[in-house]
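Worksheet: the structure to be examined is printed underneath.
Small disclaimer: the values here were computed from a predicted structure and weren't measured. All values below come from the heavy atoms of this structure, side chains included, with hydrogens, waters and symmetry mates left out.
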Amino acid sequence: MSERIRFAVDEHVKAAVVSGLRRQGIDAITFQEAGRRAKADIDQLDWATSSGRVVITDDDDFLVLVATDRGHAGIAYCSAGKYEVGGLPRALLTLCESVTSEEMANSVRFL
């Protein structure tokens, strides 16, 4: 059976996104909640990968990191300010409904 996507949320992503995901039953944890506040992006990516979590971010640095063929659980990238309130959680829910965690591995999805 394919696993549902679980998320690690970058500190720049609004708390409302996490709340919206959780209301839909999506497993999402912020880096802050995981005790990882202000860690380097490479460390955040490594932690998310070892935890089997797709990183939700608007930070271009993550795109640079994964462009080096570094293995990862996946990146859900959305440029800051692209969506109105509620739009990003809906896009992420659609992602969860259409892609498995296995399909997300080593890929970047631009939302």
Side-chain angles (χ1 to χ4, degrees):
M1 181 176 170
S2 296
E3 285 190 38
R4 192 168 194 194
I5 296 174
R6 299 180 317 137
F7 291 108
V9 185
D10 192 15
E11 57 194 74
H12 303 291
V13 176
K14 294 183 187 218
V17 172
V18 177
S19 297
L21 291 172
R22 289 177 178 163
R23 279 194 300 275
Q24 297 299 319
I26 306 289
D27 183 341
I29 186 169
T30 66
F31 287 139
Q32 296 93 318
E33 291 169 330
R36 306 197 50 79
R37 181 180 207 106
K39 301 274 186 189
D41 291 340
I42 189 74
D43 295 330
Q44 302 292 38
L45 182 63
D46 288 345
W47 176 82
T49 300
S50 68
S51 301
R53 292 181 177 275
V54 172
V55 175
I56 301 171
T57 189
D58 62 4
D59 184 347
D60 295 345
D61 292 341
F62 281 94
L63 301 179
V64 173
L65 288 172
V66 299
T68 63
D69 291 329
R70 177 182 205 87
H72 57 92
I75 303 290
Y77 178 85
C78 178
S79 57
K82 178 177 180 181
Y83 289 101
E84 297 292 324
V85 175
L88 183 53
R90 281 192 298 277
L92 291 162
L93 182 59
T94 299
L95 180 67
C96 287
E97 292 169 346
S98 61
V99 179
T100 66
S101 60
E102 293 87 2
E103 293 168 326
M104 277 299 302
N106 300 311
S107 71
V108 177
R109 301 296 169 117
F110 293 89
L111 305 173

To the closest 0.5 Å, what do you measure between [atom1] ([X]) and [atom2] ([Y])?
X	Y	atom1	atom2	value
Asp46	Asp41	CG	CG	11.0 Å
Glu97	Arg4	CD	CZ	7.0 Å
Arg23	Leu93	CZ	CG	11.5 Å
Leu21	Phe7	CG	CZ	6.0 Å
Asp61	Gln44	CG	CD	12.0 Å

Checklist entry - In terms of the angle between their ring planes, are Phe62 and Phe31 parallel, tilted or perpendicular, with boundaries placed at 30° and 60°? => result parallel
Hey, quick one: are [X] and [Y] part of the same hydrophobic cluster, counting side-chain heavy atoms closer than 4.5 Å, chains of contacts allowed?
X	Y	answer
Leu88	Leu63	no
Leu92	Phe110	no
Ile56	Ile5	yes
Trp47	Val64	no

Test your reading of the model: is there a side-chain donor-acceptor pair from [X] to the backbone of [Y], 3.5 Å cut-off?
X	Y	result
Thr57	Asp10	no
Ser79	Lys82	no
Arg36	Asp43	yes
Arg22	Ala28	yes

Looking at [X] and [Y], what are the two nearest heavy atoms and their distance?
X	Y	value
Ala76	Leu111	CB-CD1, 4.0 Å
Asp58	Cys78	CB-O, 2.8 Å
Val55	Ala48	CG2-CB, 3.5 Å
Ala16	Pro89	O-CG, 4.4 Å
Leu45	Arg70	CD2-CD, 3.8 Å
Cys96	Ile26	SG-CD1, 3.8 Å

Checklist entry - Is any side-chain heavy atom of Arg109 closer than 4.5 Å to a side-chain heavy atom of Leu95? => result yes
Item to check | Step-by-step side-chain contact (heavy atoms from CB on, under 4.5 Å) determination, Val54 to Arg6 | outcome: CA-CA 6 Å; Val54 172; Arg6 299 180 317 137; over 6 Å; no
Item to check | Test log, rule side-chain contact (heavy atoms from CB on, under 4.5 Å), inputs Arg53 and Ile29 | outcome: CA-CA 9 Å; Arg53 292 181 177 275; Ile29 186 169; 3.6 Å; yes
Checklist entry - Would Val17 and Val9 satisfy side-chain contact (heavy atoms from CB on, under 4.5 Å), going step by step from the backbone distance to the final call? => result CA-CA 9 Å; Val17 172; Val9 185; 5.6 Å; no
Next on the checklist: For Val13 and Val18: C-alpha separation, side-chain torsions, deciding distance, then whether side-chain contact (heavy atoms from CB on, under 4.5 Å) applies.
Outcome noted: CA-CA 8 Å; Val13 176; Val18 177; 5.5 Å; no
